[in-house]
Engineer: 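The following block contains the structure, expressed as structure tokens.
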Protein chains: 2
Amino acid sequence: MNRREKSLKINESYHKAINILEKTGIRITSQRKILTKLIFQKGNRHLSAEELFHEVKDMKVNISLATIYNTLRNLSNYGLLREIVVDQNKSIYCTNHMPHYHLYIEDEEKIIDIPNQKIDLSNIPEIPACLSLHDIDIIVRIRTLKDKKIN
Amino acid sequence: MNRREKSLKINESYHKAINILEKTGIRITSQRKILTKLIFQKGNRHLSAEELFHEVKDMKVNISLATIYNTLRNLSNYGLLREIVVDQNKSIYCTNHMPHYHLYIEDEEKIIDIPNQKIDLSNIPEIPACLSLHDIDIIVRIRTLKDKKIN
DNA sequence: TTACATGCAAAGCATTTGCAGATAA
DNA sequence: TTATCTGCAAATGCTTTGCATGTAA
């Protein structure tokens with residue numbers, strides 16, 4: 001994919017997102033436009049509210065943290081982002097809307113996407129029948145034990 | 001398993017836990033004994049700090065919330081409990097130390113254990129080589145979208 | 001025009017921490 | 001005896017909320 005194709009594709013993600021937002025009926029405010037552009041202009045990524053806030057500041061634009069949180073929540077609720085609660089008081093949002101799961105390395109606070117064919121969940125029991133109404137997230141957490149584990 | 005056998009088994013879990021704690025070198029204080037007994041006396045379970053706090057109160061014993069949090073953290077760090085971060089500001093601790101994963105139904109705040117042979121993770125890439133130093137948690141989250149998802 | 005959004009500051013909430021007094025070993 | 005633990009209250013840190021002002025449609 002060359003630069004022009006890449007840029008077209010990014011534009012596409014952004015417009016697609018705005019399109020979806022328009023269909024929901026919420027207002028397409030300038031803040032929501034700017035944030036949506038920032039979030040989707042870099043291809044697949046994982047970002048926190050704080051990171052987005054800094055990116056906004058770097059652009060010399062002023063958008064409050066509250067608005068950033070609200071927008072992230074909206075985008076998640078409308079299925080454009082996936083919220084990953086990685087820790088106490090810490091969510092990360094993922095723009096990859098292809099089916100996939102997350103590998104979270106706690107010590108490095110790093111997230112890696114896992115294409116979903118790599119995990120076979122066919123045998124999981126007891127998922128409610130109304131599955132189509134639901135989202136399923138899988139997080140594989142890897143961490144170093146803080147103290148010595150004794151068995 | 002009859003009542004006597006069950007009671008023996010519970011006793012066993014408790015003593016095993018205390019044994020492990022003794023080996024770590026931390027002090028076996030009365031609070032830690034009481035909490036360890038409460039946590040392990042009911043077989044496999046999932047419990048929050050708040051729930052444990054209430055159970056302590058029901059026994060007319062006084063143990064501060066801070067101590068409960070500290071103890072839960074200790075037990076987790078020593079591998080006796082597994083902490084599951086289910087949401088912002090909300091952890092649940094799991095006493096089942098057999099390999100298993102968690103199914104979390106967000107809307108009901110309900111956790112179900114999944115025996116680990118039900119998920120095939122053999123193809124997950126990029127887990128660091130020093131795997132033996134790590135714990136792996138898998139949480140399958142199921143939730144209803146709060147607003148209508150549009151695609 | 002007006003229902004909804006924004007920005008700010010204050011509140012919320014589970015968890016952690018500082019510190020003085022208590023206690024296990 | 002003394003290093004560690006407990007209990008209390010205050011602090012933390014991310015996130016949410018209340019409310020006055022602003023603005024998209």
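Numbers restart at 1 for each chain; the letters A, B, ... are given by sequence-line order, proteins then strands. Only this structure's heavy atoms are used, side chains among them; waters, hydrogens and symmetry mates stay out. Quick caveat: nothing in here was measured; it's all calculated off a predicted structure.
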Engineer: Sequence neighbours excluded, which residues qualify as side-chain contact (heavy atoms from CB on, under 4.5 Å) partners of Tyr93(A)?
Structural biologist: Leu47(A), Leu72(A), Ser76(A), Leu81(A), Glu83(A), Ser91(A)
Engineer: Return the minimal non-hydrogen interatomic distance between Thr95(A) and Gly43(A), and the atom names on each side.
Structural biologist: OG1-O, 3.6 Å
Engineer: Using every non-hydrogen atom in the two residues, find where Thr36(B) and Ala17(B) come nearest and quote the distance to one decimal.
Structural biologist: CG2-CB, 3.6 Å
Engineer: Short of 4.0 Å, heavy atom to strand atom, which residues of residues 86-95 of chain B count as contacting DNA chain C?
Structural biologist: Asn89(B), Lys90(B), Ser91(B)
Engineer: Leu75(A) has an atom CG; how far is it from atom P of dA5(C), in whole Å?
Structural biologist: 13 Å
Engineer: The criterion is side-chain hydrogen bond (donor to acceptor under 3.5 Å, both in side chains); which residues satisfy it with Glu51(A), sequence neighbours excluded?
Structural biologist: none
Engineer: Kindly work out whether a path of hydrophobic side-chain contacts (I/L/V/M/F/W/Y, heavy atoms less than 4.5 Å apart) joins Leu80(B) to Val56(B).
Structural biologist: yes
Engineer: Using five base pairs at each end, measure the axis-to-axis angle across the helix from dT1(C)-dA25(D) to dA25(C)-dT1(D) and round it to 10 degrees.
Structural biologist: 40°
Engineer: In chain order, what residues pass the side-chain contact (heavy atoms from CB on, under 4.5 Å) check against Lys16(A), with sequence neighbours excluded?
Structural biologist: His97(A)
Engineer: Of all of residues 50-59 of chain A, which get a heavy atom below 4.0 angstrom from DNA chain D, listed by number?
Structural biologist: none
Engineer: Minimum heavy-atom separation for Asn96(B) and Asn44(B), please, with both atom names.
Structural biologist: CA-OD1, 3.5 Å
Engineer: Decide side-chain hydrogen bond (donor to acceptor under 3.5 Å, both in side chains) for His46(A) and Asp113(A); before the verdict, give the C-alpha distance in whole Å, the side-chain angles of both, and the deciding distance to 0.1 Å.
Structural biologist: CA-CA 9 Å; His46(A) 301 106; Asp113(A) 284 355; 2.7 Å; yes
Engineer: May I have the distance from Ile63(A) (atom CD1) to dC8(C) (atom C1'), rounded to whole angstrom?
Structural biologist: 15 Å
Engineer: With side chains defined as the heavy atoms from C-beta onward, is the minimum distance between Tyr78(B) and Ile26(B) less than 4.5 Å?
Structural biologist: yes
Engineer: Check every nucleotide of DNA chain D for an atom under 4.0 Å from a heavy-atom of chain B, then give the first and the last such nucleotide from 5' to 3'.
Structural biologist: dA3(D) to dT15(D)
Engineer: Apply ring pair (Phe, Tyr, Trp, His ring centres under 6.0 Å) to His100(B) and list each qualifying residue two or more places apart in sequence or on a separate chain.
Structural biologist: His102(B)
Engineer: How would you list all residue pairs meeting side chain to side chain donor-acceptor pair (under 3.5 Å) that involve residues 54-68 of chain A, not counting sequence neighbours?
Structural biologist: Arg45(A)-Glu55(A), Ser64(A)-Thr67(A)
Engineer: Mind listing the closest non-hydrogen atom pair of Gln88(B) and Asn89(A) along with its distance?
Structural biologist: NE2-CA, 3.2 Å
Engineer: Figure out the CG/P separation between Leu35(A) and dG7(C), and round it to whole Å.
Structural biologist: 9 Å
Engineer: What integer distance in Å separates Leu65(A):CG from dT6(C):C1'?
Structural biologist: 13 Å
Engineer: dC4(C) P sits how many Å from Arg32(A) CZ, rounded?
Structural biologist: 11 Å
Engineer: Can you tell me the distance, in whole Å, between the OH atom of Tyr69(B) and the P atom of dT17(C)?
Structural biologist: 13 Å
Engineer: Would a single hydrophobic cluster contain both Val86(B) and Ile139(B), if residues Ile, Leu, Val, Met, Phe, Trp and Tyr are joined by side-chain heavy-atom contacts under 4.5 Å?
Structural biologist: yes
Engineer: In chain order, what residues pass the side-chain hydrogen bond (donor to acceptor under 3.5 Å, both in side chains) check against Glu109(B), with sequence neighbours excluded?
Structural biologist: none
Engineer: Is the backbone N or O of Arg27(B) less than 3.5 Å from a side-chain atom of Arg32(B), with the two atoms forming a donor-acceptor pair by type?
Structural biologist: yes
Engineer: Holding to side-chain contact (heavy atoms from CB on, under 4.5 Å), I want the full list of residues that pass it with Ile28(A), two or more places apart in sequence or in another chain.
Structural biologist: Ile18(A), Leu21(A), Glu22(A), Lys33(A)
Engineer: Go along nucleotides 18-25 of chain C 5' to 3' and tag each nucleotide: B for a protein heavy atom under 4.0 Å from its base, S when only backbone or sugar atoms are that close, - otherwise.
Structural biologist: -----BBS
Engineer: Rounded to whole Å, how long is the line connecting atom CZ of Arg73(A) with atom P of dA5(C)?
Structural biologist: 12 Å
